[in-house]
Amino acid sequence: VCLFICISCDLHTFSGGWEQARERECKESRKSNFGYQLGRENFLSKTGFGEVSEPLFSADCGIAMPRYTVTVATGTQWFAGTDDYIYITLVGTERSSEKTLLDKPLYNDFERGAVDSYDVNVTEDLGEIVFVNIEKRKYWVHDDWYCRYITVKTPSGEYVEFPCYRWFITDQEVVLRDGRARLPQDDKTRQVKQHRRKELETRQKTYRWREWQPGFPMSIDANTHKDLPRDIQFDSEKGVDFALNYSKAIENLYINRFMHMFQSSWHDFADFERIFVRISNTISEYVMQHWQEDFMFGYQFLNGCNPVVIQKCHKLPDNFPVTHEMVEFCLERGLTLEEEIKAGNIYIADYDVMENITPNATDSCTLQYLAAPLCLLYKNTENKVLPIAIQLDQNPGENCPIFLPSDNKCDWMLAKIWVRSSDFHVHQTVTHLLHTHLISEVFGVAMFRQLPAVHPVFKLILPHIRFTIAINTKAREQLICECGLFDKANGTGGGGHVELVQKAMKTFKFPSLILPEAIKARGMDSQEELPYYFYRDDGIKVWEAIKSFVEDIVNIYYKSDEMVIEDNEIQAFVKDVCSFGMQDLDNCGFPKSLKNREQLTEYLTVIIFTASAQHAAVNFGQYDWCSWIPNSPPTMRRPIPTKKGVTTIQYIIESLPDRGRSCWHLGAVWALSQFQENEPFLGMYLDEHFVEKPVKEAMEKYRKNLAEIVSFIKARNEGKKLPYYYFSPDRVPNSVAV
């Protein structure tokens, strides 16, 4: 009879109309009557945990059987629910349950966002629950399922949590350990050691290294976003389609009428306002009004998009022959240039990494140019940092003059524009792409390869790798690839950006990721000397908050330095980052091992800070500082001037990007400055990987410290025309996801 009912229901589903309403009822009938007849696999004999024993008696004998209640939470993202069969096996220290189909008659199990509970009856107590085996089997067609967590209530009333947070695709089995974090030396039994080893073996086959371009940090072995493991893909691929997002941005900014007008120059600076009409942003409007002022030019070295280039000048470079006579009228203290240098009032921005980079030649109708300038800056008596000399090439000579504020207005203006353009390229390709995106991916791939889900460091840094590998894969697929979107508007497109990363990698060192050391190495650490360097001040506060939190977590699980040395998984992780991720580059400074808790704390702080705060500081200000095209030109269409006194306003306008490239650039900086939907910020954890009380107390302390920083930054910014909020924790996403 049941078979007849099921077959009838199957036929009705093809007839359409009102019969579709019975489809779910048909499925439940089929599951209830035949689900258990699909064959019970011997899970324990397959994984080495023993034999599954048959029930010694049934419920009919009148003896109450122990009952375990299993609660299963399905994800809330799109398509997280499933109609497939879900089975569970509870594995205890004494014995295991039978494989049980989780099903409620006439109920739609495992819908998106659902939290469902089921009873699992056993003949005897299982002992301490060690594993939960979850198995998904096809119902009609394969239907992916995202499981958030499973909670098991034992007959004694104890609750055991099993974090999952992963996708089940096709017919799949996953063995989960309970949520308590454990170091490898904590595991004593053969079963748990075997589980740990098998998880890493599987991951190392899935997460493979690949060199995308020679001289780059290694990345994941995937050509497209769809090639990635399902667990690290975006929930919605449409949300990270660069071409679609750029087109939407251009449409939202009402500049789509200009986007195809390549080779068409603007008439004058006021003409650029035609693509600025629908922008309402305090900082970008202030930049538009004051971009020609030396104060605004100098301020951006401290608190703009790229506040990591400026450094104190202890000695003028040999290839930058600035004399006292050239800049005497700029110096306010009555000192010579040499004396000002010794007093610590002279700073320099050197873009030597741009030298000999190939400019974009993808459009034969438009020649594009690059420069490798040097800029000397002076801290005046009001503690403002102002430019006093600019050389647009690394090789001084008759055709490479040093431009000064005393030159005519057009000469000085164009020299500053060239510096801003070079700064844009270094920011996008080195500061942003290499030092946050690509490095975070190295940490992420190594984490998946070397740390099992039960390891406390895996639980700690996983939220800070969220979607990073996916966004980088999308970028390699659409943005920075050959003929990608990067080529449309950027002067380093067409391969120059690749050369720039390769060149920057030769001098890239691990200490540059340690914020306090990096700032000190540039001579920018004194708050007394530079009281308005908010990047430094706010960054140090966030760094210390993250470090304090990491230190608390490290001390919970590592009671001594010896435990760090004995943790073979954390040592393998660090070695994988250096030897494979960074390709064991000479003098890269990445450690191959960690000797104590202090080193581990610093290393993990680098990972979290780079992926969250540092990325936020150099990414989310792009629209603020780069949307006014003359302030951050993405390309230049005329070569650098070789003589003084010949530059005109018309020449400057013809040097700046044309209408089409300006629109693509504006759409890009708009799209890159937007937060992801449902973005988790610092201190927010969407998934509960840690279950221990001491860790949750450390998280609460961490959130309190972050809230104090938010309040401090908010109070300081009040009333400022140029507020600095990029390090405010409530605006710092946990990971590189855009």
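The figures that follow rest on heavy atoms only: side chains count, while hydrogens, waters and symmetry mates do not.
- Residues passing the side-chain contact (heavy atoms from CB on, under 4.5 Å) test with Gln428, sequence neighbours excluded: Phe424, His432, Gln622.
- Using a 4.5 Å heavy-atom threshold, the side chains of Trp418 and Pro373 count as separate.
- Test Gln394, Gln311, Gln391 against Asp350 for side chain to side chain donor-acceptor pair (under 3.5 Å) and you get one pass: Gln394.
- Arg536 places no side-chain N or O within donor-acceptor distance of the main-chain N or O of Ile519, the cut-off being under 3.5 Å.
- Formation of a donor-acceptor pair under 3.5 Å by the Asn360 side chain with backbone atoms of Asp487 is found in this model.
- Residues Tyr726 and Phe620 keep their aromatic ring centres 6.0 Å or farther apart.
- Contact annotation: the side chain of Phe675 never approaches that of Val738 to less than 4.5 Å [non-hydrogen atoms, C-beta and beyond].
- In terms of the side-chain contact (heavy atoms from CB on, under 4.5 Å) criterion, residue partners of Val554 (sequence neighbours excluded) are, by chain and number, Val550, Tyr558, Arg597, Leu600, Thr601, Leu604.
- Among all heavy-atom pairs drawn from Trp412 and Ala389, the shortest one is CH2-N, 4.1 Å.
- Here the side chains of Cys588 and Cys578 are in contact, with some heavy-atom distance below 4.5 Å.
- A donor-acceptor contact shorter than 3.5 Å is absent between the side chain of Ser612 and the backbone of Val732.
- Contact check for Leu682 versus Asn734: side-chain heavy atoms found under the 4.5 Å cut-off.
- A donor-acceptor pair is defined here as one N or O able to donate and one able to accept, closer than 3.5 Å; such a pair exists between the side chain of His497 and the backbone of Ile480.
- You'll find the ring centres of Trp670 and Tyr623 inside the 6.0 Å limit.
- Using modelled atom types, one side-chain atom of Lys379 and one backbone atom of Glu529 make a donor-acceptor pair closer than 3.5 Å.
- For the residue pair Val574 and Pro591, the shortest heavy atom distance occurs at CG1-O, 3.0 Å.
- No more than 12 heavy atoms of other residues, nucleotides or ligands sit less than 6.0 Å from atom NZ of Lys575.
- Nearest heavy atoms, Ile629 versus Ser662: CD1-O, 3.8 Å.
- Annotation: side chain of Leu434 is in contact with side chain of Pro217 (closest heavy-atom distance under 4.5 Å).
- The two residues Cys305 and His427 make their nearest non-hydrogen contact at O-CD2, 3.2 Å.
- A donor-acceptor pair under 3.5 Å is formed between the side chain of Asp407 and the backbone N or O of Leu404.
- A pairwise comparison of heavy atoms in Pro307 and Leu302 identifies CB-O, 3.2 Å as the closest pair.
- Within the 4.5 Å cutoff, the side chain of Phe681 has heavy atoms near those of the Pro733 side chain.
- For Gln583 (side chain) and Phe216 (main-chain N/O), a donor-acceptor pair under 3.5 Å exists by modelled atom type.
- Inspection of the Thr492 and Asn490 side chains reveals no N or O donor paired with an N or O acceptor under 3.5 Å.
- Salt bridge status for Glu293 with Lys384: absent, with no side-chain N to carboxylate O gap under 4.0 Å.
- The environment of OH in Tyr369 is crowded: more than 12 heavy-atom neighbours from other residues, nucleotides or ligands sit within 6.0 Å.
- Residue Val710 comes nearest to Pro729 through the heavy atom pair CG2-CD, 3.5 Å, listed as atom of the first residue, atom of the second, then distance.
- Between Tyr299 and Trp625, the ring planes lie tilted relative to each other; the angle falls in the 30° to 60° range.
- Two rings, from Phe508 and His435, have their centers less than 6.0 Å apart.
- By the 4.0 Å N-to-carboxylate-O rule, Arg420 lies close enough to Asp423 to be salt-bridged with it.
- Ion pair Arg716/Asp538 flagged as a salt bridge, since at least one NZ, NE, NH1 or NH2 atom sits closer than 4.0 Å to an Asp/Glu carboxylate oxygen.
- Asp584 is linked by a side-chain hydrogen bond (donor to acceptor under 3.5 Å, both in side chains) to Lys592, counting only residues two or more places apart in sequence or in another chain.
- Among residues at least two apart or in separate chains, ring-ring contact (aromatic ring centres under 6.0 Å, His included) pairs with a member in residues 523-542 are Tyr533-Tyr535, Tyr535-Phe727.
- The aromatic rings of His615 and His437 sit perpendicular, their planes meeting at an angle over 60°, well past the 30° parallel limit.
- Applying the side chain to side chain donor-acceptor pair (under 3.5 Å) test to pairs two or more places apart or on separate chains, those with a residue in residues 324-340 are Glu332-Thr381, Arg333-Tyr378, Thr336-Glu339, Glu340-Asn345, Glu340-Tyr378.
- When Val419, Thr647, Ile390, Leu392 are each tested for a side chain to side chain contact (heavy atoms under 4.5 Å, CB included) with Leu414, only one passes: Thr647.
- Judged as a side-chain hydrogen bond (donor to acceptor under 3.5 Å, both in side chains), and not counting sequence neighbours, Asn380 has no contacts.
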